[in-house]
Amino acid sequence: MNLHQLSLTAMAEGLAARKFSSRELTQHYLDRIAQYDKQLNSYVTLTAHAALDAADVADTRRTKGEVGGLLAGIPIAQKDIFCTEGVRTACGSKMLDRFVAPYSATIIDKLHRDAGMVMLGKLNMDEFAMGSSNETSFYGPVKNPWDVTRVPGGSSGGSVAAVAAGLAPVATATDTGGSIRQPAAFTNLTGIKPTYGRVSRYGMIAFASSLDQAGVVARSTEDAALILQAMSGFDPLDSTSIERPVDDLVGGLGKSIKGLKIGLPKEYFADGMSAGVRSCVEAAIAQLKALGAVVSEISLPNAPLSVPTYYVVAPAEASSNLARMDGVRFGHRSQEARNLEELYKKSRGEGFGPEVQRRIMIGTYVLSHGYYDAYYLQAQKVRNLIYQDFKRAYEAVDVILAPTTTDVAFKFGDKSDDPVAMYLNDIYTIAANLAGIPAMSLPCGFSDGLPVGFQLMGNYFDEARLLNVAHQYQQATDFHNQSPKEFL
Ligand code: GLN
């Protein structure tokens, strides 16, 4: 078996048994990136020298008999939304094209400084994580390794393309309205967005602070659980981080799901899904029933209001968060300005792409005097109703199952001229962000040769149960083991 086909646990075992070194493993990925990434554009910054140095440190420690954690010496790639000290952190934007972060995000410290993982580089993404196709990136679109004429999904398109093509064993990602789950579904990966507050947002460039959550995309639930475990936990540097012990996510993986109560929200199974997606998701439901789960229909009556609610709340928060990108405090500074007002206008006009500008305008509009009550306040009320729906649902069921996307990955350009069509991509994923609950997507088949994912949503802080259900499903199915043929 090739090194890049190994699970993280198998990699850790190979390192421990000295079958290969961290340097060899790291070099293997660097070679694959050199060979394949021109086709995909998944990396925006490679940190090859630092990666090999970090690998050597891991190898030396091992030789000396110093016990590292399971992940020590294993490579990972980071979405370019996380600040990495001394390494450019551009967030997919011209605005931050020359921004070198002066400190690292908490999750970067946890994965590298604490767990001893090796950073291969920074991954492409939609500009400021706004998008569903990776077409808004200043660094150009990322291609889907399953079909390079199609989008990988967004905004974590670089993360999924790199992992699906074997250019990284695993990657971090973020999810404000679906950016972990939708791209995972489009590329046959397992992606999890934990409960809001579970993973620190410190050093993660803010898009919509009350919705943003960091997570992971991986080739299996077990891999995802290992990384999420290492990322999770209270962080005094993030005021929305929750002080609550982290469950044993990996150790919790072997439990039977006999009697598990799964709810199918009828609003998610109405029209809208393609026939291919429907048949794969139905097969997944049948599989979970065969494993002993008890399935029933539930209702989340306000779920259809998720997209309009999100497109008030998210732009409002984004317009405020992005105010700091003014060419003075942060970001691109125009060379053309002749006075202060022009400096702001031109710096922001040149630095931000069209989708980001659209969101800023929507956001400032819904927050402005006279419109605030009609839009922003109203959206907050609906958000609360969506939260109440989930709260009620979890009194009756343990997990909620739904499709992740309406269809398989679409072609480049198909939706880029129609913002609303693009926004509707997240119709099944956004409610989980508005409520703050954990949710994941995992592979459940193929439609016309393209991957299909289904979604599991859990109650607050129920990541361990969610991952266990996903793991049991993956023990019984083989979809997640399929890789795109061109990148074997
Ligand atoms: N596609 C959604 C948007 O464009 C969600 C993005 C995300 O989750 N970061 O806002």
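Every number for a ligand or one of its atoms is a count from 1 in the order of the listing. Not measured: the values here are computed from a predicted model.
- No close placement of the Phe128 and Phe138 rings is indicated, their centers lying 6.0 Å or farther apart.
- Of all the atoms in ligand 1, the ones that sit under 4.0 Å from a non-hydrogen atom of Asp426 are 1 (N), 2 (C), 5 (C).
- Ligand-side atoms of ligand 1 in range of Asp175: 8 (O), range being under 4.0 angstrom from any heavy atom.
- Taking any N or O of Met130, backbone or side chain, none lies under 3.5 Å from an N or O belonging to ligand 1.
- With contacts defined as side-chain heavy-atom distances shorter than 4.5 Å, the pair Asn124/Asp80 does not qualify.
- Inclusion of Thr174 in the set of residues having an N or O under 3.5 Å from an N or O of ligand 1 is not warranted.
- Of the heavy atoms in Phe207, only side-chain atoms (C-beta onward) come closer than 4.0 Å to ligand 1.
- Ring centers of Tyr371 and Tyr376: at least 6.0 Å apart, outside the cut-off.
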Starting from the C-alpha separation in whole Å, work towards a yes-or-no answer on ring-ring contact (aromatic ring centres under 6.0 Å, His included) for Phe487 and Tyr36.
CA-CA 8 Å; Phe487 299 89; Tyr36 292 114; 5.3 Å; yes
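- With salt bridges taken as basic N to acidic carboxylate O contacts below 4.0 Å, none links Asp418 and Lys415.
- The protein heavy atom nearest to atom 6 (C) of ligand 1 is Ser179 OG, 2.9 Å.
- Using a 4.0 Å cutoff on heavy atoms, Arg359 counts as a contact of ligand 1.
- For ligand 1 and Tyr310, the ligand atoms under 4.0 Å from any heavy atom of the residue are 2 (C), 3 (C), 5 (C), 6 (C), 10 (O).
- Under the 4.0 Å criterion applied to side-chain N and carboxylate O atoms, Asp398 and Arg465 are assigned as salt-bridge partners.
- With a heavy-atom cut-off of 4.0 Å, Tyr311 touches ligand 1 through its side chain alone.
- Ion pair Asp114/Lys110 not flagged as a salt bridge, since none of the NZ, NE, NH1 or NH2 atoms sits closer than 4.0 Å to an Asp/Glu carboxylate oxygen.
- Proximity to Ser155 (heavy-atom distance under 4.0 Å) selects the following atoms of ligand 1: 9 (N).
- Close approach of ligand 1 to Ala129 is summarised as follows: ligand atoms under 4.0 Å from at least one heavy atom of the residue are 6 (C), 7 (C), 9 (N).
- Some N or O of Gly178 is nearer than 3.5 Å to an N or O of ligand 1, by distance alone.
- Taking the charged nitrogens against the carboxylate oxygens, Asp414 and Lys411 have no contact shorter than 4.0 Å, which rules out a salt bridge.
- The ring of Phe446 has its center closer than 6.0 angstrom to the ring center of Trp146.
- Contact annotation for Lys193 and ligand 1: no heavy atom of the residue comes within less than 4.0 Å of the ligand.
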